[in-house]
2 protein chains.
Amino acid sequence: MALTSTDTSRYDNTLAVIRTLRDQGPVARVDLGALNGISSATVTSISAELLQQGLITERPPETPRPTGRGRPKTLIELDPNAACVVCIKLSINEIQLVVGDFLGQVRHSEYHAVPTLMLSAEDLETLLEEKISAICAQQLKGFQRLAGICLAVQGVVSSQSGTIIWSPALSFRNAPISARLAERFHCSVLLENDANCIASVLAAQPAYVDCPNLVVIMLGYGIGMSVLINGVPYLGANGSAAEFGHSKYHPDGALCACGRRGCIEAYASDYALYRAAAEHLELPAGDSAHPSEQQMQALTQLALQGDLLAQRIYAEAGRALGYGIANVLALFNPDLVLITGSGVRGFDAMQATMHHAIDEALVAELRGTTRIESCAWDRDMTCMGGIAMALHATDGETLSESQASFVS
Amino acid sequence: MALTSTDTSRYDNTLAVIRTLRDQGPVARVDLGALNGISSATVTSISAELLQQGLITERPPETPRPTGRGRPKTLIELDPNAACVVCIKLSINEIQLVVGDFLGQVRHSEYHAVPTLMLSAEDLETLLEEKISAICAQQLKGFQRLAGICLAVQGVVSSQSGTIIWSPALSFRNAPISARLAERFHCSVLLENDANCIASVLAAQPAYVDCPNLVVIMLGYGIGMSVLINGVPYLGANGSAAEFGHSKYHPDGALCACGRRGCIEAYASDYALYRAAAEHLELPAGDSAHPSEQQMQALTQLALQGDLLAQRIYAEAGRALGYGIANVLALFNPDLVLITGSGVRGFDAMQATMHHAIDEALVAELRGTTRIESCAWDRDMTCMGGIAMALHATDGETLSESQASFVS
DNA sequence: TTATTTATTTTAGTACCTAAAGTAAATAAA
DNA sequence: TTTATTTACTTTAGGTACTAAAATAAATAA
């Protein structure tokens, strides 16, 4: 008779095995059992299925002898070519396309300069279709299947409906982007906020694994945030949760790009810092409303080298940031707040006032034990996270589709 | 051989049946199956066990005929006396003790005036032991077992460790209260924030069931908040999440009871409103730092009846509240914000400026579709929520202990 | 060469669930 | 009044998935 609709234990255990193999690399059946709380007999049965489906392979025994007595472990590992995902990062004036294999490793990466603010929703769709088609044709040869596509976007997105609601990198609003790509490429399309991608990568790092409640603040052209609760991004009702950049520092504060006053972003983002400095300081020529990396580096240099006005600007940014973080601590009480993004280049110039503002705003009981740390920034991290999230989201499909193709 | 450690389906299904019966009242086996996605054969088997354990009873067929053809449904229902819980609400200068039955119905309630701010941790423990002992002796006669005790406390508590970290109703800090009570009364002791109790009750109401992400703001002597994410209270790392009252309105704002400046509580709590008014208005005599219900009602009356100064004070409170809510919307993006607590009495005098502040602070894309509503306040609601949470937390124990006692 | 150790596989047995068949208890229709 | 129909509940038969224990495999140590 039929499988009970509520009994998902085989499915759950199989996914657990796949994910353990992805996280830990090659693992023996005994250890897979111990790690996941299942018997090794069950692991034998699950791995036999996965082997038949071509999702895993047995690793040939090492030539250098295994240590210890007894029958040596037979390591099994994911077949990196069993599936792949494509992740596209959409940021202001640039898109990045990355191919990741079934292990989550980056196998290909390319950047394109694109005037994103000029694009209509149709332009963007067409552009993405073109670029992804090219990637499919050139880069996906050895893979058994394309499991999914992840679109990592700054701003407010609805993952559920696949709609870009509001992105600082784009001029249009409310574009249901996932549906068309899913239809065109016959695979799952995941739409994610870029900060959530970064947070997923950071949460997996050994230094932060014991932080079930993790807040990641992204400083850059704008200011983004991700809140992981028990390791999963908190999205809110419409996907506009964690909009730290537009939480408030001061009721009648500086003007923000969003049109309101007093947002944290209006003090601590690249454009806010540059705007405050441009009037008074000698800085590289360029669009001062959309400062380039080079422009920002020049400004940061001034602050770090002791220019008093630049220091004052960063100090005030740090104060706003700290004040905003105080609210985050009072409301989320996370284990850890990590500050990263391209804007961390200036973190040393903000740090002191930031900590001071936090202490001034919160009593010790509410300040709690939350660690607040900064963390080096790597422009490829977003897509690494997107790949991981896309694989995680599509493991179930990969599993059932491999099964189907084997049966038929 | 042994039951697989991962196979919890019978346990899960049994709990689901118990909880359905608690939420919906008497239900037939067919309907229990349909509601929980299990076959009625399984419900037959589960209900046979529960019947033997004495946790449910079959309801005798109704004298007025059931409508429709076919064999009439045999309704089963929880035995209200199968278990009970005691909930204690600890608020400033008052404690309430309530007995709830296995259905979650209040069976007994009593209030005691207690100078809570004068108590040491030991005093409190002794007092609670006394009061609970008396309740046990007098009120728990008909019940098969005391499943648990719930302590509902204003302020910051660690549910995990059972420690009261910081409560405005108490002078001491960091008191591990649960352990001693658990030892003394041989049952589970649940320590909960009062706002979480209220939120649990509200979330179950038909009007709000479609709000998986619910924020409840409690106005009163202090200002509390609860955030339910998918129906469960978000606690944070140390239990100090959702401290809305000490999130910020203004960097250099009014002095708060916590010792910091600019907290929302320093504008919109009872003591803040009364403090602002007492200098200038004729109000009932009394401790103006801890205004009584009567004092607050007098002040609210003035504002609602058009006294300009009182109106200005409430308007400013509304502005602070709205500003704080804007941050909550930006960070949590909930489906619904409910404003309640004894302080809602003055909500009409705050409403206009509150909404204005929210609109001024947030662009439409971030304002989202969140409903913001107020909701009538009932002083018994906290304990109703505490009972529900305690029952939910102890259903598993009740189940396994009834089983054990049946087997032996 | 044999004993020991450890890993994996096979076997036997259990718990749970569902579908389908059987039974029970009512109303509607002949 | 009897029979058919409908709906609810129970029993039976069959299937999946798991574990413990036994068997087998493959190494090292003695």
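In what follows, chains are A, B, ... by sequence order, proteins preceding strands, each numbered from 1. Model, not experiment: these values are computed from the prediction.
Looking only at atom types and distance, the side chain of B:Ser188 has a donor-acceptor partner in the side chain of B:Glu397 under 3.5 Å away. Looking at A:Thr57 and A:Asp79, their side chains never bring a donor and an acceptor atom within 3.5 Å of each other.
Taking every side-chain heavy atom of A:Arg10 into account, D:dC18 is the closest of C:dT18, D:dT19, D:dC18. Closest contact between the side chain of A:Arg69 and the listed nucleotides D:dA8, C:dT4, D:dA20 involves C:dT4. Between C:dT18, D:dA27, D:dT19, one nucleotide has an atom nearer to the side chain of A:Pro72 than all others, and that is D:dA27. Closest approach to the B:Ala28 side chain among C:dT18, D:dA20, D:dC9 is made by D:dC9 (side chain taken as heavy atoms from C-beta onward). In the set C:dA7, D:dT19, C:dT18, the nucleotide with an atom closest to the side chain of B:Ser39 is C:dT18. Closest contact between the side chain of B:Thr42 and the listed nucleotides D:dC9, C:dC17, C:dT10 involves C:dC17. In this structure, the nucleotide among D:dA17, C:dC17, D:dC9 sitting nearest to the side chain of B:Ser9 is C:dC17.
For the pair A:Leu75 CG and C:dT6 P, the computed distance is 17 Å after rounding to whole Å. The distance between atom CG of A:Asn36 and atom P of D:dC18, rounded to the nearest whole Å, is 12 Å. For the pair B:Glu58 CD and C:dA25 C1', the computed distance is 14 Å after rounding to whole Å. Going from atom CZ of A:Arg71 over to atom P of D:dA29 covers 18 Å, rounded to whole Å. The nearest whole Å value for the distance from the NZ atom in A:Lys73 to the C1' atom in C:dT9 is 16 Å. One can place CG of B:Leu32 at 12 Å from P of D:dT10, the figure rounded to the nearest angstrom. A:Asn13 places its CG atom 9 Å from the C1' atom of D:dC18, with the value rounded to the nearest Å. In this structure, CD1 of A:Ile46 is placed 9 Å from P of D:dT19, rounded to the nearest angstrom.
Taking the nucleotide of DNA chain C with the nearest heavy atom to each of A:Arg29 and A:Gly70, the more 5' of the two is matched to A:Gly70.
A 6.0 Å sphere centred on NE2 of A:His392 holds no more than 12 heavy atoms belonging to other residues, nucleotides or ligands.
Residue contacts shown for B:Thr74 are limited to sugar-phosphate atoms, with no base heavy atom under 4.0 Å away.
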Read 5' to 3' with Watson-Crick or G-U pairs under 3.5 Å, [ ] for crossing pairs and | for partners on another strand, DNA chain C gives ||||||||||||||||||||||||||||||
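Remark: B:Leu75 CG to B:Arg29 CZ distance equals 9.5 Å, nearest 0.5 Å.
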Could you pull out every donor-acceptor pair under 3.5 Å between side chains of residues 203-212 of chain A and any protein atom, sequence neighbours left out?
none

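For the side chain to side chain donor-acceptor pair (under 3.5 Å) test with B:Asn36, the passing option among B:Thr20, B:Asp12, B:Asp31 is B:Thr20; the others fail.
In this structure, A:Ala199 and A:Leu228 approach most closely via the heavy-atom pair O-CD1, 3.6 Å.
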